[in-house]
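In what follows, every chain begins at residue 1, and chains take the letters A, B, ... in the order their sequences are listed.
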There are 2 protein chains.
Amino acid sequence: MPQNTAPSASASPSEAARTPAAPAALDLTASSVEITRALCDIESVSGQETLLADLIEQALTGYDHLEVIRDGDTIVARTSLGRAQRVVIAGHIDTVPLNNNLPTRTEVIDGVDYLWGRGTVDMKAGVAVQLKLAVELSDPTVDLTWMWYDNEEVDSSLNGLGRLARNRPDLFVGDFAILGEPSNSQVEGGCNGTLRVEVRAFGLRAHSARAWMGDNAIHKIAPVLNILAAYTPREVEVEGLIYREGLNAVGISGGVAGNVIPDEAMVHVNYRFAPSRTAAEAIEHLRELFDGFEVTVIDESEGARPGLDAPLALEFLAAVGAEPRPKYGWTDVARFSALGIPAVNYGPGDPSKAHADDERVAIAQIDECERGLRTWLTAATR
Amino acid sequence: MPQNTAPSASASPSEAARTPAAPAALDLTASSVEITRALCDIESVSGQETLLADLIEQALTGYDHLEVIRDGDTIVARTSLGRAQRVVIAGHIDTVPLNNNLPTRTEVIDGVDYLWGRGTVDMKAGVAVQLKLAVELSDPTVDLTWMWYDNEEVDSSLNGLGRLARNRPDLFVGDFAILGEPSNSQVEGGCNGTLRVEVRAFGLRAHSARAWMGDNAIHKIAPVLNILAAYTPREVEVEGLIYREGLNAVGISGGVAGNVIPDEAMVHVNYRFAPSRTAAEAIEHLRELFDGFEVTVIDESEGARPGLDAPLALEFLAAVGAEPRPKYGWTDVARFSALGIPAVNYGPGDPSKAHADDERVAIAQIDECERGLRTWLTAATR
């Protein structure tokens, strides 16, 4: 899941010294758990994925059933077995910055075995399962296009999947897509859209010793906060899943100097909206809500409908035996959705542990995810 | 009048080239208007007063009735004529930064003659009148201590008058003080106090895609803005003058990142309070008003009572024939007041033009101020 582009807590100077030396090669015959560990111990904070991409490319080379394609630090591997259908399975290989959470280690908490460390949840466990299956499944029931991409955790303009779609649109052909974002190895369908706007009030500057000669813009922005505080977010059913919306101030600013009546104040608002609403409708909703204030759109990302009515999606749900749930956070499933490819999130790890200092994945979820994907991709029913 | 320490619009690089070369000497036999012009055309933005202080010191030297004392860029000149009473008359020689408003020029607007330029109002016209009278009045009816000081427009810790009071407390002896701050050549008594506090609300961070797991501090600060917007400032009579108070947000901040529910929000509040209220009482008032929120005092300056019941003040009012008015802005009269010396503001210029890009003083007010001070200081009644 993408983080904001604001600076994050960065590693201490001695961090590099404490992380293990990178291996000369990736062993994809190891267990998914061991591959997860190896992937995590190769640091790959956004923008620094080259070493990991090199090792992935090298580990995939030499398999007859796979054509390997590279675009920057994004690696694609695909089969061309003449199957009736093609599935795209993707995951990002970058992480948010470290915060003293490498090397990985195992931990037992309340009797549950975890693999602890940066990237274990978001999303190298998912990538590990995908890499293992990519080389093992030489005879899947559908043709497969695997994508492992860079720069998901930073500004959308840098996103490796977005770049690949621009450089190689021919690769984005498929009947269904699975993104390995953490979803507790359950199927999370679609995602909410997200919209950020700046809401402004204006006034007139004056010296604060003679405030009556001015017009205080910060006082005038009060109704915006009242509207936000009183707002009840919707819960919207889309194709059987309940999406929970959210409308929040994520920033506020105003003020010229300690003795000046301010002539401008701004509330930065983030609206997470159900995928039944387009970004344009979401903007219209905020303009109505903040009528009388200046509303400036900063960025907008369409949501993605669950896509669970696609035939392959129904088969996938049956194979993994999961009850689908909605994805609240925005993910790259929306990119597939926008290209007309129904897509879901399916990966090990609790999303609430993504980016956390105590990021950790339950080891059983890694195995469960591997089992689910393997079962579906090798099922004899097709 | 002091400005905030926040950066101001600064002069363009070519500004220095357009301002006239500084003269080799100040001619204090010229008219007050011409002296004003000469003072303004010697740039002396806070921190850069040395040249002007040198010229003032030089121009005052050699008069038998004046002892000249220097402390940094502050110049003191005093008589010791054995008079029964002593009056302190003071003015600051620094200005706020230029904004293409030098050299000075004359302007006629609606039939009124003005001298236009940085410092004409705040407060070199007042300083010009004072310098002229300092050298001319060799036989005043009271002993005089003239003070021209640096760094009034910046942080209070740099204020030249404050520094002089620390270095030479012996000079702060007097029965009455006049500060030449712009007051339309009327007598403005005392000044409002000023208090700045930060009012905070706290919450709990969460990813904005799952806002219900957090607690939005910006939404929680809404009542503070509602209180400010609904607040009716008092008008308070103190010794016959009506002081108008003011309570304003002068800044607001909050926010972590565009996708994070913020856990802290802060409103920066400035309270201008009548001199009948102490700073401690003002703080107590704000704590009651913002009960339930964290209130942190950032700075406080006591107001100053008008001091118009002092015998010399009454004589002064009679001599200049003015109806006293309250001073809303905080000025250095409060420093004299705190030292037990009743003090008033009396100087040419409309305070609302102080710091303005079109700063300009009505020439008639310069003459009026000179006439008023001269009349009082040479009156035969004492």
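Contact of A:I227 with chain B is not made at all, since no heavy-atom distance falls under 4.5 Å. The parts of A:N248 that come within reach of chain B are both its backbone and its side chain, each placing non-hydrogen atoms under 4.5 angstrom from that chain.
By number of non-hydrogen pairs under 4.5 angstrom with chain B, the leading residue of A:N226, A:V250, A:L225 is A:V250. Contact count against chain B (heavy-atom pairs under 4.5 Å) is highest for A:A222 among A:A265, A:A222, A:G329, A:G246. Chain A forms the most heavy-atom pairs under 4.5 Å with one residue out of B:G254, B:A211, B:S253, and that residue is B:G254.
A distance of 9.0 Å separates CG of B:L228 from CD1 of A:I218, quoted to the nearest 0.5 Å.
Heavy atoms only, all atoms of each residue included: B:I252 and A:I252 are closest at CD1-CD1, 3.4 Å. The two residues B:S208 and A:N270 come nearest to each other via the heavy atoms OG-OD1, 2.6 Å. Shown here for A:H219 and B:A249, the closest heavy-atom pair between the two residues is NE2-N, 3.0 Å.
A:S352 and B:R210 share no side-chain donor-acceptor pair at under 3.5 Å.
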